[in-house]
Each structure stands twice: as structure tokens, then as C-alpha cells.
Amino acid sequence: MSGIIDYLDYEIPSLIVEGVDPNKMKTMAAILRDPYPVHWDKDANETLGLEGRVINQGPLNLSYIANMLIAWQGPSCIKRLQARFLKPVLDGDTVIAAGKIIEIIDHEKARVRARVWLSRDNDIVLEGEAEIQLSS
Amino acid sequence: MQIEHWENWLLTDCTGSAQLPSNIVHPIALFHIPIQGVGTSIAELFALGQVEGAGSVGLEGYDWEYFSLLHEDVEYCFEGEVIEVERIQTKSGGVFDRFVFSIELSTAEGDPVAKVTNSWRFWRIR
């Protein structure tokens, strides 16, 4: 990249999460002190038609986007995250975090806006935008 | 309120990430830390919304702004409020209450650190 303008339409290196782990959901539920059983009690989800499966926490889904951005531009790069949750992610799912730069917000400060999304089998389950501070 | 090392370590591990350097708190902590910081809990918010059981709650969206990095073992201040409650009827006949709350984080000196706005759905008829 020779200048910040070159980042427009740049595709952020994607991050693959293979087989979302139900044990991490249990730990996450404890950290969050989240009583919602859909994340840790697979029997509770029978009424939802999800027999034997549990639903990943929304924050964990968003964390895969954050981890993709951090892997690309470092731990201080995220300035804003906006997300809409479209479909649940279940244990065992493989999801891909991806993004594309859609706007140069500030040339001097090297700040850009990206469309970001999380997909499963090419189906988008989370989408949103991120403001990113480029590292150099 | 402070974010302790063990909590950040486990949280970061749950995301599948390596631990971040220099005791930086993983950015996803902006989900639960602000809720705890204002002295409430997810359970209390569910009780406020009168929801219980699988399928009664859904996430709609987040808008999280980061003004500076969060670090472990640093005292932060929190201030927030419920900013919107609206009953929505879906095209398929479902009914939910949109519940939106916003919380601001600052340092003990009053410098802004982050602001979160979270929108949840409390389902009445699915």
C-alpha cells in the first residue's frame, strides 16, 4: 500500500473459526453471569427446534470480527463496532469473519470504515461496520 | 470497577484469540463490563423485561465506540440509561419489545473511554 487511498475496497484478511466450541460458551456464560439457557443447556433448546445444540453468545460472534481486525492492524485499531445479529450460530458451526474497506474517514489520521460480516456456508449471520485506525 | 486479569484472560480465551499484550482488555468486554459497571446484571435486565426461558430474548444490534484502550486492574466509572422501549409487531405476527440501553465508560479522572449502545428484543409472541 503506497497511500491510505489504496485501502479503499481492500479486503481484510478473513478469519476462520472452525467448529464453534460449546465449552467456550459455558465459560462465557459464567463470565457474563448470563442466565439465558440457550447458551449452555441443549435440552432447553428443544422448544426452538435445536435439539442437542446450543447457541453461541452474540458477543462471541462479534469477537471473531474483532479478532480479525486485531490480527490485521493490532489491538488498538478498533475505534467503533456496529453489528446487527441476523441468525444464530450453533455449536460445531464453522464461521468466517470477513471485511472490506468502504470509506476513508480521515486521511491524516489514517482512519477507515469497513463493512464487516460473519458467514456460515456463505450465509451472512452477522453484519455491520467497523471504524479502524490503521497502524501505519 | 476494575477488570481483573483472570476475567480478561478467560474472556479472551473464549474468543479463540491469543492473549493481548500489555494487559489490554479484549474489546468484546464492552458487552458485560458496562452492564456490571452500572450495578446491574443480565439477569436483572431480563427480569426488568419480564422474559424467561429459551427463545424469550434476542439480540438486535450493538454500537460500541472505543475512545481509548481498556486495561486490566484500572478503575473505570460507568453511567447509563435505558434510551428506548418500543413494541414491534413483525410481518409474521410476532410481537417483541425493543429494549435499548446506553452506557458510557470513563476513567476516574473523567476522560471518556468507551460508549456502548445495545438493542435487545424481548419476545412476547413468536
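In what follows, every heavy atom counts, from backbone to side chain, and hydrogens, waters and symmetry copies are set aside. Here is the naming used below: chain letters follow the sequence lines, and residue numbers restart at 1 for every chain.
- Contacts between A:Leu48 and chain B at a heavy-atom distance below 4.5 Å involve the side chain alone, from C-beta outward.
- Contacts between B:Glu60 and chain A at a heavy-atom distance below 4.5 Å involve the backbone alone (N, CA, C, O).
- With a 4.5 angstrom heavy-atom cutoff, B:Ile24 touches chain A only via side-chain atoms.
- The hydrophobic clustering, which links ILVMFWY residues whose side-chain heavy atoms are closer than 4.5 Å, places A:Leu60 and A:Leu90 together.
- What you find for B:Phe46 and A:Asp34 is that their closest heavy atoms are CE1-OD1, 4.0 Å.
- If you measure heavy-atom distances from B:Ser41 to chain A, you find no contacts under 4.5 Å at all.
- No more than 12 heavy atoms of other residues, nucleotides or ligands shown are found within 6.0 angstrom of CD on B:Glu52.
- Under the 3.5 Å distance criterion, the side-chain polar atoms of B:Tyr66 are left unmatched by any main-chain donor or acceptor of A:Cys77.
- Hydrophobic clustering of Ile, Leu, Val, Met, Phe, Trp and Tyr side chains at less than 4.5 Å, counting indirect connections, unites A:Ile4 with A:Ile101.
- At a 4.5 Å heavy-atom cutoff, the contact between B:Leu10 and chain A is made by backbone and side-chain atoms alike.
- Counted within 6.0 Å of CD on B:Glu86, heavy atoms from surrounding residues, nucleotides or ligands total more than 12; the atom is thus considered enclosed.
- Residue A:Lys24 qualifies as enclosed at atom NZ: its count of foreign heavy atoms under 6.0 Å is above 12.
- By a heavy-atom distance cut of under 4.5 Å, not one residue of residues 94-126 of chain B is near chain A.
- In this structure, CD1 in B:Ile28 is found 6.5 Å from CE in A:Met28, a value given to the nearest 0.5 Å.
- With values rounded to the nearest 0.5 angstrom, A:Arg84 atom CZ is found 14.0 Å from B:Tyr62 atom OH.
- The parts of B:Leu59 that come within reach of chain A are both its backbone and its side chain, each placing non-hydrogen atoms under 4.5 angstrom from that chain.
- Interatomic distance, A:Ile70 CD1 to B:His26 NE2, rounded to the nearest 0.5 Å: 4.5 Å.
- Of the atoms belonging to A:Leu15, not a single heavy atom falls under 4.5 Å from chain B.
- Cluster membership check: A:Tyr7 shares its hydrophobic cluster with A:Ile132, using side-chain heavy-atom separations under 4.5 Å among Ile, Leu, Val, Met, Phe, Trp and Tyr.
- For chain B, the option among A:Pro37, A:Ala83, A:Ala30, A:Gly128 with the highest count of heavy-atom pairs below 4.5 Å is A:Ala83.
- Judged purely by atom type and a 3.5 angstrom limit, A:Asn67 uses its side chain to pair as donor or acceptor with the backbone of B:Thr15.
- Linking ILVMFWY side-chain heavy atoms closer than 4.5 Å, directly or via other members, places B:Val25 and B:Trp6 in a single hydrophobic cluster.
- When the shell of 6.0 Å around CD of B:Glu79 is examined, it contains 12 or fewer heavy atoms from other residues, nucleotides or ligands.
- Only the side chain of B:Phe31 comes within less than 4.5 Å of a heavy atom of chain A; its backbone N, CA, C and O stay farther away.
- Heavy-atom pairs under 4.5 Å with chain B peak, among A:Gln82, A:His39, A:Glu131, at A:Gln82.
- Shown here is A:Glu103, whose CD atom has more than 12 heavy atoms of other residues, nucleotides or ligands within 6.0 Å.
- Of the atoms belonging to A:Thr47, it is side-chain heavy atoms, and not backbone ones, that fall under 4.5 Å from chain B.
- For the pair A:Ala44 and B:Ala54, the tightest heavy-atom approach, listed with the atom from each and the gap, is O-CB, 3.2 Å.
- With a threshold of 4.5 angstrom between heavy atoms, A:Tyr64 approaches chain B through side-chain atoms but not through N, CA, C or O.
- Across every non-hydrogen atom of A:Leu32 and B:Gln36, the tightest pair is O-NE2, 4.1 Å.
- In this structure, the side chains of A:Ile31 and B:Glu7 come closer than 4.5 Å at one or more pairs of heavy atoms.
- Residues B:Ser17 and A:Ser63 fail the side-chain proximity criterion, which asks for heavy atoms closer than 4.5 Å.
- Taking both residues in full, the closest heavy atoms of A:Arg80 and B:Asp63 are given as NH2-OD2, 2.6 Å, listed atom of the first, atom of the second, then distance.
- Proximity to chain B involves both the backbone and the side chain of A:Pro59, based on heavy atoms less than 4.5 angstrom apart.
- Hydrophobic cluster membership differs between B:Ile88 and A:Leu86, with clusters built from Ile, Leu, Val, Met, Phe, Trp and Tyr side chains linked at under 4.5 angstrom.
- A pairwise comparison of heavy atoms in B:Pro27 and A:Ala66 identifies CG-CB, 4.1 Å as the closest pair.
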